[in-house]
There are 2 protein chains.
Amino acid sequence: MSVELIAVEGMPEVRPGDDIATLIATAATVQDGDVLVVTQKIVSKAENQLVTVDPDDPLSHKALVEEESVRVLRRRGDLVISETKHGFVCANAGIDRSNLDDGVAALLPRDSDRSARRIRDRLRDATGVEVGVIVSDTFGRPWRKGLVDVALGCAGIAAVVDLRGTEDAAGHELQVTEVAVADEIAAAAELVMGKADGVPVAIVRGLDASWLRESSVKAEIVRPPAEDLFR
Amino acid sequence: MSVELIAVEGMPEVRPGDDIATLIATAATVQDGDVLVVTQKIVSKAENQLVTVDPDDPLSHKALVEEESVRVLRRRGDLVISETKHGFVCANAGIDRSNLDDGVAALLPRDSDRSARRIRDRLRDATGVEVGVIVSDTFGRPWRKGLVDVALGCAGIAAVVDLRGTEDAAGHELQVTEVAVADEIAAAAELVMGKADGVPVAIVRGLDASWLRESSVKAEIVRPPAEDLFR
């Protein structure tokens, strides 16, 4: 079995109101069963989730982080780890200012699962091709240094694949193997996107066909605070 | 740019004392610049990190978890989240019993960076080919459901790639973009390995050549408790 990770190069700069599905269909040849990983940044831009901040006033950015958060978990210096309105636990409420004009910050999409569904639906309308879509973002981890890409939202691809109860090679029942494949696909895609290269979309081709189903990051990956040992 | 993820099929059951590099070289054709992802399970088996537990006595497994831990972070029912001797924060000290005979449990490799170096060195000796090697394992995350594969050790491939200071596409200096590529590569590889299929090795082909350098998960990814906001 093999899977291919393909960078979609030549995407134009995305602006508010742009149709990402059309931009992708123009830049790349997409096939049935492909999963497209689209970075949060261009989704937020297309959905006009842009706000102005005063670049000379750090408090302006800070207030925004508070506004987008429902619960602050930790603070250290300028770093705030919080639970966002959407249920994600991440640094600075996922707000970022890289690859944007001065004085502009991008909020996370309001509902990244919905954003993924829209791109998937529009791509189906435009090309007749049935794909999965993942909206990805870059998160830190509490006990491991370095950032990794994870899934904020998905459509047409499983967020989690449950292998519990499947027999292992030795014939025992497997105990816990709920694999967050949407996060692994987001991480994989990042390997061909780079951070500063302006490649905001990757195609993941050749995934297990049984994973291509309706799903939601919110329902399957976001851990409710009540189940949480660290909040 | 594209990257290929290739499952190495047809590996035999690994036993204590086996030479994983030779098994890989027999099962697959490896090329210069490939990164091999090898699951912790077969590394632990080859290195004879196997211990006996009483399958009818849950306390036997529990005592083992305590023994392998230096600090317990949380407990809930049978689940223990702890910091292992090696510095990893994970469930049940990474000890697992799937794909093993009854009454046998596998501990993590003593030093997974060293395990990765050994496999890399042996493969170079056997075939003349220069590869990177990552030893991977399956970890949970505090705020996200589902498991993902991460790197326990690496050799010949960067654990973290530091893009700080590189200009972004809009000409601003990027602020924080230390990407844990070894974790992303481990996650990517899992997409072709599955959990119950007995595919313990994958080849990742076509990665950015500048990432192929000496590195260490212990030095670059394991977060020291003093830098930690959640321990």
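Letters go in sequence order (proteins before strands), and every chain restarts at 1. Predicted model only: the values in this text are computed from it and were never measured.
- Between the B:Asp137 side chain and the B:Leu152 main chain, no donor and acceptor come within less than 3.5 Å of each other.
- Contacts between residues 203-216 of chain A and chain B, defined by a heavy-atom separation under 4.5 Å, are made by A:Leu207, A:Trp211.
- For a residue to count as touching a neighbouring chain, one of its non-hydrogen atoms must lie under 4.5 Å from one of that chain's; by this rule B:Val8 does not touch chain A.
- Residue-level contacts of residues 222-231 of chain B with chain A, in order of numbering, are B:Val222, B:Arg223, B:Pro224, B:Ala226, B:Glu227, B:Asp228, B:Leu229, B:Phe230, B:Arg231; threshold 4.5 Å between heavy atoms.
- Not one N or O on the side chain of B:Arg74 forms a donor-acceptor pair closer than 3.5 Å with the backbone of B:Val80.
- In terms of heavy-atom pairs under 4.5 angstrom with chain B, the leader among A:Ala186, A:Ala189, A:Ala187, A:Ala182 is A:Ala187.
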* To do: Output, in order, the C-alpha distance, side-chain angles, deciding distance and verdict of side chain to side chain contact (heavy atoms under 4.5 Å, CB included) for B:Gln40 and B:Leu108.
  => CA-CA 7 Å; B:Gln40 159 274 325; B:Leu108 296 183; 3.8 Å; yes

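- The number of heavy atoms from other shown groups lying within 6.0 Å of CZ (A:Arg15) does not exceed 12.
- Here the straight-line distance linking atom CD of A:Glu68 with atom NZ of A:Lys85 works out to 4.0 Å at 0.5 Å rounding.
- Between the side chain of A:Ser82 and the backbone N or O of A:Val72, no donor-acceptor pair lies under 3.5 Å.
- If you tally non-hydrogen atom pairs under 4.5 Å between each of A:Ile6, A:Val217, A:Ile221, A:Val181 and chain B, the highest count goes to A:Ile221.
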* After noting the C-alpha distance and the side-chain angles of A:Leu191 and B:Ile185, does the key distance pass the side chain to side chain contact (heavy atoms under 4.5 Å, CB included) rule? -> CA-CA 8 Å; A:Leu191 296 170; B:Ile185 295 166; 3.8 Å; yes

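- Only the side chain of A:Glu9 comes within contact range of chain B, with at least one heavy atom under 4.5 Å from a heavy atom of that chain.
- Without hydrogens or angle criteria, A:Asp113 side chain to A:Cys154 main chain gives a donor-acceptor distance under 3.5 Å.
- Nearest heavy-atom pair, A:Asp183 versus A:Ala151, reported as atom, atom and distance to 0.1 Å: OD1-N, 2.8 Å.
- When each of A:Ala180, A:Gly146, A:Ala7 is checked for heavy-atom pairs under 4.5 Å with chain B, A:Ala180 comes out on top.
- Checked by atom type and distance alone, the side chain of B:Ser44 pairs as donor or acceptor with a backbone atom of B:Leu107 at under 3.5 Å.
- Classification of B:Asp96 and B:Lys41 as a salt-bridged pair holds, one side-chain N sitting under 4.0 Å from a carboxylate O.
- Side chain of A:Glu190 to backbone of A:Asp149: no donor-acceptor contact under 3.5 angstrom is found.
- For B:Arg76, the part sitting under 4.5 Å from any heavy atom of chain A is the side chain, from C-beta outward, and nothing else.
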